[in-house]
Structure formats: structure tokens, C-alpha cells
2 protein chains.
Amino acid sequence: MSAAVIAIIGRMTRWGPDARGRLMKSALELYAKRGYDQTTVAEIAERAGLTERTFFRHFADKKEVLFAGSNDLRDLLVRGVAGAPSSAAPIEAVAAGLLAASAVFNEERRDYSMRRQSVIAANAELRERELIKLAALASAIADTLRRRGVSDPAASLTAEAGIAVFRVAFDRWVAAHNELGWSELVRGSLAELKALVAS
Amino acid sequence: MSAAVIAIIGRMTRWGPDARGRLMKSALELYAKRGYDQTTVAEIAERAGLTERTFFRHFADKKEVLFAGSNDLRDLLVRGVAGAPSSAAPIEAVAAGLLAASAVFNEERRDYSMRRQSVIAANAELRERELIKLAALASAIADTLRRRGVSDPAASLTAEAGIAVFRVAFDRWVAAHNELGWSELVRGSLAELKALVAS
DNA sequence: GCCTCGATGTCAGTCGCTGACATCAGGATA
DNA sequence: TATCCTGATGTCAGCGACTGACATCGAGGC
């Protein structure tokens with residue numbers, strides 16, 4: 001490794017590259033090691049070579065640093081739903097959206113997702129934030145379905161069902177000793193839901 | 001009105017009756033008038049003739065003062081589900097629970113619920129708290145179903161469906177220009193869900 | 001080489017929330 | 001009746017999340 005590269009890495013401070021990413025990484029590490037409550041924003045910022053004030057310029061609050069990617073996920077889902085063939089039934093369009101999210105839930109990000117999820121599971125405030133993010137996803141999917149001509153309450157109910165499938169698939173994806181990929185998990189969870197509703 | 005009664009009402013301060021209730025009332029009034037963010041806990045306490053410290057002895061945080069009744073609601077739902085005839089299908093047991101909640105959703109409390117709900121709708125943090133309370137209700141219902149011999153994932157799915165019905169019924173109940181009572185709204189919303197699922 | 005502009009730092013302040021300790025009212029007890 | 005005990009409340013000090021106002025820095029355009 002060249003001296004120049006070492007110099008860059010060693011000086012991950014003010015005006016260093018990817019301040020936002022450094023904050024996200026530092027936050028997850030500290031939340032995982034010492035717990036969310038026992039971590040101060042000042043500590044996260046210091047570990048990233050920045051100040052508390054800068055943290056709050058990048059993230060609305062101490063929780064949001066764990067949910068920065070949720071807009072990307074929403075866009076993936078929405079595009080997947082919108083891009084389904086117009087002949088597809090609502091639930092199939094939602095399934096297409098969930099499968100499109102495999103761009104985010106790939107093997108490289110599994111470890112990150114596992115760490116993040118264990119942090120969230122350990123704290124009530126973070127679980128609250130996660131719930132409202134999931135509700136926002138459901139709302140975005142419902143909007144997209146309406147734009148496809150699906151009327152209420154079918155649009156919102158289908159979206160809710162889709163999020164239920166998402167949760168089951170995601171729980172399994174981050175579970176230890178799991179060898180299936182995102183697509184298989186989505187398809188399997190959806191099949192289970194269909195079987196249950198049909199019975 | 002006797003002088004004694006006036007004296008009592010006028011001195012709703014330290015060691016006055018129902019400190020907790022006074023805090024809840026003051027909080028709702030201030031949240032409704034000036035907004036949740038623009039209201040400080042010290043102001044709520046002062047209006048109730050108490051101090052900020054006492055507020056936090058009665059409620060875990062500034063949001064919780066609006067959700068104090070959720071334990072009662074949970075108990076009503078759980079008892080309603082548990083008390084359904086053992087021959088009843090899971091979804092019918094859940095329906096029994098929702099109908100049992102009519103003890104809380106009666107005409108006298110409608111105005112209070114409307115004010116409370118408009119405060120919650122206006123603030124993201126309060127919506128987060130509401131979501132986790134609803135999730136807790138679903139979880140309690142699912143537990144009760146399991147104790148009735150319903151296995152997973154039917155128990156949790158039925159509970160989620162029940163909460164979906166609850167939300168629809170509640171939204172309609174607090175909507176203006178609504179003349180139906182809680183029981184009719186629950187039955188109607190459940191019928192809609194059944195029709196949608198069957199189609 | 002100067003200027004502008006966005007990102008960051010600094011500082012002071014408010015408010016949510018907590019622990020430790022003091023105080024008060026009312027009921028039990030001697 | 002005087003005393004004591006207990007639970008509810010008050011007081012005080014302090015931490016940490018979050019914000020507004022203003023200063024400073026670095027990189028790119030002129």
C-alpha cells in the first residue's frame with residue numbers, strides 16, 4: 001500500500017472523503033459494541049473525525065443514521081412495482097417490487113444487515129423508527145398500485161400484505177444458518193401467505 | 001356550588017386529587033392548542049399544578065402521556081379474544097376481542113379520541129409511538145390466539161389482520177360526520193376485509 | 001492570485017430526562 | 001394525642017440530544 005493511500009486513510013478527518021459514510025460506520029460500530037443508549041453522538045462524530053454538529057447536518061437525529069438507506073430501498077420497490085407488466089395482478093406487481101429489492105439484499109450486505117438488525121432489535125426507540133419506515137414503504141407501494149389503476153382498499157391492503165411478506169423474508173434473510181438468497185426467500189414467503197389466505 | 005367545592009377545584013395543586021389525570025388533560029389541551037413540539041413538559045406540569053419532575057414520575061416520556069390508556073385497551077382485547085367460545089375460528093375470536101373494546105369506544109369518549117387523534121396525526125414522533133402500540137396489541141392478540149391452540153403463522157397473521165380491521169374501524173369512528181357505533185364499524189370493516197380476501 | 005460556495009467547526013442555549021435528597025400529607029400505631 | 005411511616009411531591013444539579021448564529025476552511029472558477 002502506497003504512502004499516499006496510508007496518508008489518506010490516516011487522515012479521515014475534516015474534509016476527508018465520505019464524511020457521511022464514516023459517520024454511519026462509526027455509529028453502527030459503537031451502537032453494536034456499547035449499545036445505542038450508552039453511545040453519545042459526540043462519540044460517533046469523534047470516531048469519524050468530525051464534530052457533533054456535523055453529525056446533525058447529515059442526519060436528522062441519532063436514530064436516522066441507521067436508516068439512511070431506506071429511501072433507496074423505497075425507490076427500488078416502487079420502480080419494481082411500477083415496472084411490472086400491466087397485465088400483472090396487484091399482488092404480482094408487489095412481488096416484482098420485492099424481487100427488485102434484491103439489488104440491496106445481496107450477499108455482500110448481509111453481514112452489515114445482520115449487525116444493524118441486532119442493534120435495532122435491542123432498542124425500543126429504534127424499533128419505533130423501523131416501524132414507521134416500513135409503514136412509509138407500504139404507503140409508497142400503495143400509491144404506486146393506485147397509479148397502476150388499483151383502487152382502494154385493495155391497493156393499501158395489497159401493499160400491507162406485501163410488507164408482511166417483506167418482513168418475513170427479511171427476518172429469514174438475516175437469520176443465522178440461512179443459505180437461501182433474497183429472491184428465493186421472497187418467493188417462499190409469498191407462497192406461504194397465499195396458502196394461508198386461501199385456506 | 002358550595003364554597004368547599006370551589007376551594008377544592010381552585011386548588012388542584014400539590015396533593016390535589018388525580019394528579020395523573022390532570023397531567024393527561026393538561027398535556028392534551030396544550031398539544032392541541034400549540035402543537036406537540038411547541039409544548040414543554042414544564043408547561044404541562046405547571047398547568048396541572050405540579051412540577052416537571054412529577055410528570056416524569058407518572059409517564060416515561062413526553063409522548064407516553066397520550067398513550068396511558070393503551071394497557072386497558074390491550075386487556076380488553078385480550079379478554080375478549082380469550083373469552084370467545086372455543087369453537088370460534090381464530091378470526092372470529094379476534095372479532096370478539098374487537099367488539100369487547102366497545103367498552104372504551106363509546107360516545108362519551110369520542111370527542112376525547114378525536115382531539116387526541118388529531119394531535120397524533122400532526123406529529124411524526126407521536127405516529128411512531130402509535131405504531132409500536134398497535135404492534136404491541138397485535139403481539140398480545142397473537143399470544144392469546146396461541147394460548148387458544150392456534151399455531152403460527154396463523155396466529156400472528158390473524159392478529160395482524162385484526163389490527164388492520166381495528167385501524168380501519170377506528171379511523172371511521174373518529175371521522176367527523178360519522179353516526180355509526182363501534183360495534184357496527186368493527187363488523188362492517190371485518191366484512192370488507194373478508195370480501196377482499198375471498199375475491 | 002482572488003472569490004465564491006459548500007462543508008465543517010465553534011459556541012451558546014433550550015429542552016427532555018434522571019439521580020439524589022429533602023419535604024409534605026395522611027394514615028397507622030403506641 | 002403525639003409519633004412514626006410511607007408514598008407522593010418538590011428541589012437541585014447534571015447529562016445529552018438537538019438547534020441557531022456565526023466563523024472558518026478548502027476546492028474550484030474567474
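A note on names: the letters A, B, ... follow the listed sequences, proteins ahead of strands, and every chain is numbered from 1.
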Practice item. Report the distance from atom CD of E46(A) to atom C1' of dT10(C), rounded to the nearest whole Å. Key: 16 Å
Exercise for review: Could you state the atom-to-atom distance from CZ of F59(A) to P of dA7(C) in whole Å?
Suggested key: 14 Å
Review point. Looking at E192(B) and R172(B), does any basic side-chain N land under 4.0 Å from a carboxylate oxygen?
Key: yes
Check your understanding: Roughly, in whole Å, what's the span from NZ in K62(A) to P in dC15(D)?
Key -> 16 Å
Exercise for review: Output yes when at least one side-chain N/O atom of H58(B) is less than 4.0 Å from OP1 or OP2 of dT9(D), else no.
Suggested key: yes
Practice item. Output the single nucleotide from dG16(C), dA17(D), dT9(D) whose closest atom is nearest the side chain of A19(B). Key: dT9(D)
**Study point:** Value in whole Å for how far the P atom of dG16(D) lies from CD1 of I44(A)
**Key:** 13 Å
Review point. Does atom CD of E46(A) have more than 12 heavy-atom neighbours from other groups under 6.0 Å away?
Key: no
Exercise for review: Before accepting this row, confirm whether a basic side-chain N of the pair R127(A)/E130(A) lies closer than 4.0 Å to the acidic partner's carboxylate O.
Suggested key: no
Polar-atom pairs under 3.5 Å, protein N or O versus N or O of nucleotides 12-14 of chain D: list them with distances, or write none.
none

Revision key, fill the gap. When rounded to whole Å, the CZ to P distance for the pair F56(A) and dT10(C) reads 16 Å
**Study point:** Any T40(B) side-chain nitrogen or oxygen under 4.0 Å from OP1 or OP2 of dC15(C)
**Key:** no
Practice item. Apply salt bridge (charged side-chain N to carboxylate O under 4.0 Å, His left out) to E43(B) and R34(B), showing your working. Key: CA-CA 11 Å; E43(B) 289 167 343; R34(B) 325 215 309 238; 2.7 Å; yes
Exercise for review: Evaluate whether atom NZ of K133(A) has more than 12 neighbouring non-hydrogen atoms of other residues, nucleotides or ligands under 6.0 angstrom away.
Suggested key: yes
Check your understanding: Minimum heavy-atom separation for L77(B) to G97(B), with atom names?
Key -> CD2-O, 3.4 Å
Check your understanding: If only side-chain N and O atoms of T54(B) are considered, is one of them under 4.0 Å from the OP1 or OP2 phosphate oxygen of dG10(D)?
Key -> yes
Point to revise | side-chain N/O T51(B) vs dG10(D) OP1/OP2, d < 4.0 Å | key: yes
Polar atom pairs (N or O), protein with nucleotides 25-28 of chain C, under 3.5 Å:
none

Review point. Can you tell me how far the CG atom of L185(B) sits from the OG atom of S102(B), to the nearest 0.5 Å?
Key: 11.5 Å
Practice item. Sort out for me which residue in R129(A), R20(A), R57(A) forms a salt bridge (Lys or Arg N to Asp or Glu O under 4.0 Å) with E64(A). Key: R129(A)
Point to revise | Donor-acceptor pair under 3.5 Å, R57(A) side chain vs dG9(C) base | key: yes
Practice item. Round to the nearest Å and state the distance from F55(A) atom CZ to dT10(C) atom P. Key: 18 Å
Point to revise | Between P of dT8(C) and CG of L23(A), the distance in whole Å | key: 8 Å
Exercise for review: Run the salt-bridge test on D111(A) and R115(A) with the 4.0 Å N-O cut-off and return the result as yes or no.
Suggested key: yes
Point to revise | Interatomic distance where CD belongs to E52(B) and C1' belongs to dC17(C) [whole Å] | key: 8 Å
